[in-house]
Amino acid sequence: MTLRLYNTLARSKQDFSPRDEGKVSMYVCGPTVYNHIHIGNARTFLSFDLIRRYLEHRGYDVRFVQNITDVDDKIIRAANDAGVPAAEIAATYSAAFLKAMSDLGVEPPSAQPRATETIPEMIGMVETLIERGFAYAVDGDVYFSVRSFPGYGKLSGRDIDDLESGARVEVDERKHDPLDFALWKSAKPGEPHWPSPWGEGRPGWHLECSVMSEMELGVPFDIHGGGSDLVFPHHENELAQSEAATGRPFASYWLHGGMLNINAEKMSKSLGNFTLLKDVLEAYPAPVLRLLMLQTHYRSPLDFSTERLEEASTAYERFANLVRTIRWHRARPAAGAGAPEGERAALELAVTDARTRFEADMEDDFNSAGALGGLFELARSANGFLSANDAALAPDDLAIIADVETTVVDLLGVLGVTLPADESVPELPEGVVSLSRDVAGYEGTDRDEAADAILAARATARAEKDWARADAIRDGLTALGVRIEDTAAGARVTVSES
RNA sequence: GGCGACGUCGCCAAGUGGCAAGGCAGAGGCCUGCAAAGCCUCCAUCCCCGGUUCGAAUCCGGGCGUCGCCUCCA
């Protein structure tokens, strides 16, 4: 199959063909660390984690680079507000960012360079741009001359003249053109600064991505990613700088993730309508948030709400319950007569279909929503098979449901959606021993034996239609965090995670 | 004002020329002593108007609406 992806530069889907056979080089713009990231930021990082994971699943050796912007106007402002050094703000929120990514289950980048560790290289690129006539220095600042680069506007589909007539560009008499942007900024008192040929100063924002991506990946590299709000001016400027400096194409495929909205409006720190990722993760497991995000295509806008988190939780339970049920059956002897041959064959086909559809959807610009749809269909097929045959399973049947389990776990894993660990043999809480003594007269200390005695006692009560006693036993277990479910093949015990 | 995207069931959302996936919610039924989990059935002709085509949610034109970018922003 051919992987097709939407390239902003081409404004269409294209077949993917990496620079080096079997290898993919990708760069994704990271955060500016002046605050905790919000879930809009998280969505973009999750989208590119999905892309990275799928490329790896597909067999590519992926080199994934993401920067951390640790010197910037916003950091300086946050530092001034808090009365602490800018470096302290950057250090605090860099650490918070790394933890948030880890909590989200995002795979760590192959390299994660920081702006403050790349100053000499950035100065080098500015010098090259001046030498080549694409940039000019004025009073300790250095600007990139957009008119000097013929391709300016090709990524965002803009025309320099149209942009200027838009008239929202700040006027600065020292610039040759209002759209010229800073490569190097002279330092004001109290700001972080580094020595340079133009005096003490700091790099402009766009510069670091150009320098780091080339350092880590070489040019042209394969995939450049970021949120769609970065297309202009950030990525347009990056592209212009890099191609002007190297004389070569910069990146082959530009991928942009859709915005996360709240009440149909973009979530952003400036609008103040943001929810921090860390706060969401305190209330909901990471896989639930990820499932919510992946049910929408990565390029589409996504409306976020607590209600949707609740819905995603329910949907997630479908998968969790399925693998729990399968594991429970697999942990028991399969001495039944077996499911009808036709049903077994149908389930086998459902597994194949789910795998085929997963690949086909993901090959088409990473359509995770479609891919998930296929997995839900497989879940229904498997549940149907089990509910029809759960008391009659034979070894052949176990083999097929095991296949369902690995398919679901593996493919959700490609999407980064993890399922609860195998608890087919749950670790029971200590309280079962004393409960067992109370309700079943158990006198030992083994938890599993105690639980068996409890279940036997409840089974007897149920056989005698002593519902009050049976329910009392169940309530006793519930109080210990042990859930009991009656199935045709016997009572099933699960232990809640918390 | 310029550039761009989108408008599919109550909500969310796939599908980009051949009789409209999936999730959540809802109705009815099955299983169960009850419960939990689950299964079955039901629930849309795709914003509006034209056009192209044997055939369009899918292509073209127009309209209406929403959103994004044009300034820092994932």
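A search for side-chain contact (heavy atoms from CB on, under 4.5 Å) contacts involving A95(A) returns nothing, not counting sequence neighbours. With sequence neighbours excluded, the residues forming a ring-ring contact (aromatic ring centres under 6.0 Å, His included) with F45(A) are F97(A), listed by chain and number. With sequence neighbours excluded, the residues satisfying side-chain contact (heavy atoms from CB on, under 4.5 Å) with P109(A) are F64(A), Q66(A), Q112(A). By the side-chain contact (heavy atoms from CB on, under 4.5 Å) test, A369(A) pairs with N367(A), sequence neighbours left out.
Comparing Y6(A) and Y298(A) against RNA chain B, the residue whose closest nucleotide sits nearer the 5' end is Y6(A).
Across the protein-nucleic acid pair, D364(A) atom CG and U16(B) atom P stand 7 Å apart, rounded to whole Å. Per the geometry, OH belonging to Y152(A) stands 17 Å off P belonging to C3(B), to the nearest Å. When the C1' atom of A74(B) is taken as reference, atom CZ of R299(A) falls 16 Å away, rounded to whole Å. In this structure, L155(A) atom CG and C69(B) atom C1' are separated by 12 Å, rounded to whole Å. At whole-Å resolution of the value, NE2 in H256(A) and P in C73(B) are 13 Å apart. To the nearest angstrom, P of C12(B) lies 17 Å from CE of M293(A). Atom C1' of nucleotide G10(B) and atom CD of E307(A) are separated by 14 Å, given to the nearest angstrom. We find that CD of E317(A) is positioned 14 Å from P of A36(B), with the value rounded to whole Å.
The base-pairing partner of G1(B), taking Watson-Crick or G-U wobble contacts with both distances under 3.5 Å, is C70(B). Of the nucleotides present, none pairs with C19(B) by Watson-Crick or G-U wobble criteria with both distances under 3.5 Å. Here C6(B) sits opposite G65(B) as a Watson-Crick or G-U wobble pair (both hydrogen-bonding atom distances under 3.5 Å). Base pairing annotation: G38(B) forms a Watson-Crick or G-U wobble pair with C30(B), both donor-acceptor distances under 3.5 Å. Using Watson-Crick or G-U wobble geometry with both donor-acceptor distances under 3.5 Å, C59(B) finds its partner in G51(B). With a cut-off of 3.5 Å on both pairing distances, A25(B) has no Watson-Crick or G-U wobble partner at all.
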- Please assess T8(A) against H256(A) for the test side-chain hydrogen bond (donor to acceptor under 3.5 Å, both in side chains), listing each intermediate value before the final yes or no. CA-CA 7 Å; T8(A) 304; H256(A) 290 99; 2.7 Å; yes
- Could you walk me through whether E363(A) and Y54(A) pass side-chain hydrogen bond (donor to acceptor under 3.5 Å, both in side chains), step by step? CA-CA 9 Å; E363(A) 291 288 289; Y54(A) 184 70; 2.5 Å; yes
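Distance noted for atom P between C6(B) and G23(B): 26 Å (whole Å). Nucleotides A37(B) and A25(B), compared at atom P, are 10 Å apart to the nearest Å. Remark: the separation of the C1' atoms in C19(B) and A44(B) is 14 Å, to the nearest Å. Taking atom P on both nucleotides, C43(B) is separated from G10(B) by 14 Å, rounded to a whole Å. The gap from the P atom of U41(B) to that of G7(B) amounts to 30 Å, rounded to the nearest Å. Between the P atoms of G63(B) and C69(B), the separation comes to 25 Å (whole Å). The gap from the P atom of A5(B) to that of C42(B) amounts to 39 Å, rounded to the nearest Å. Using atom C1' as the reference point in both A56(B) and G51(B), the two lie 12 Å apart (nearest Å).
Contacts of L260(A) with the nucleic acid, taken as non-hydrogen atoms under 4.0 Å apart, include base atoms. Residue K269(A) is classed as having no contact, given no heavy-atom separation below 4.0 Å to the nucleic acid. Contacts of L302(A) with the nucleic acid, taken as non-hydrogen atoms under 4.0 Å apart, are absent.
The salt bridge (charged side-chain N to carboxylate O under 4.0 Å, His left out) pairs that include a residue from residues 303-318 of chain A number zero, where partners must be two or more places apart or lie in different chains. Residue pairs that meet the salt bridge (charged side-chain N to carboxylate O under 4.0 Å, His left out) test with at least one member in residues 64-75 of chain A, sequence neighbours left out, are D73(A)-K185(A), D73(A)-R202(A). The salt bridge (charged side-chain N to carboxylate O under 4.0 Å, His left out) contacts involving residues 225-235 of chain A comprise D229(A)-K266(A), where partners must be two or more places apart or lie in separate chains.
Nearest heavy-atom pair, A382(A) versus L322(A), reported as atom, atom and distance to 0.1 Å: CB-CD1, 3.9 Å.
Of the listed nucleotides (G38(B), A36(B), A14(B)), A14(B) has the atom at the smallest distance from the side chain of S300(A).
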When the side chains of residues 465-476 of chain A are checked against the rest of the protein, which donor-acceptor pairs come out under 3.5 Å, sequence neighbours left out?
unit_1	atom_1	unit_2	atom_2	d
D466(A)	OD1	R469(A)	N	3.3
R469(A)	NH2	V439(A)	O	2.9

Sequence neighbours left out, cut at 3.5 Å: what donor-acceptor pairs do the side chains of residues 204-213 of chain A make with other protein atoms?
unit_1	atom_1	unit_2	atom_2	d
H206(A)	ND1	H234(A)	ND1	2.9
H206(A)	NE2	N237(A)	ND2	3.1
E208(A)	OE1	T69(A)	OG1	3.2
E208(A)	OE2	N67(A)	ND2	2.8
E208(A)	OE2	T69(A)	OG1	3.0
S210(A)	OG	E238(A)	O	3.1
S210(A)	OG	Q241(A)	OE1	2.9
S210(A)	OG	S242(A)	OG	2.9
S213(A)	OG	C209(A)	O	2.6
S213(A)	OG	S210(A)	O	3.2

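For Y253(A) and F16(A), the ring centers are positioned less than 6.0 Å apart.
The side chain of N383(A) contributes an N or O atom lying less than 4.0 Å from OP1 or OP2 of C39(B). Distances shown here put every side-chain N or O of W328(A) at or beyond 4.0 Å from the OP1 or OP2 atom of A37(B).
A cation-pi geometry, defined here as NZ or CZ lying under 6.0 Å from the six-membered ring centre and within 45° of its normal, holds between R158(A) and F232(A).
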Which atoms of nucleotides 64-68 of chain B (N or O only) lie under 3.5 Å from a protein N or O atom, and what are those distances?
unit_1	atom_1	unit_2	atom_2	d
G68(B)	OP1	K266(A)	N	3.4

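Within residues 36-44 of chain A, the residues approached by RNA chain B to less than 4.0 Å at the level of any non-hydrogen atom are H38(A), G40(A), N41(A), T44(A), in residue-number order.
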- Message: I'd like to compare against my own output: the B/S/- annotation of nucleotides 17-33 of chain B with a strict under-4.0 Å heavy-atom distance to protein.
- Response: ----BSBS--------B
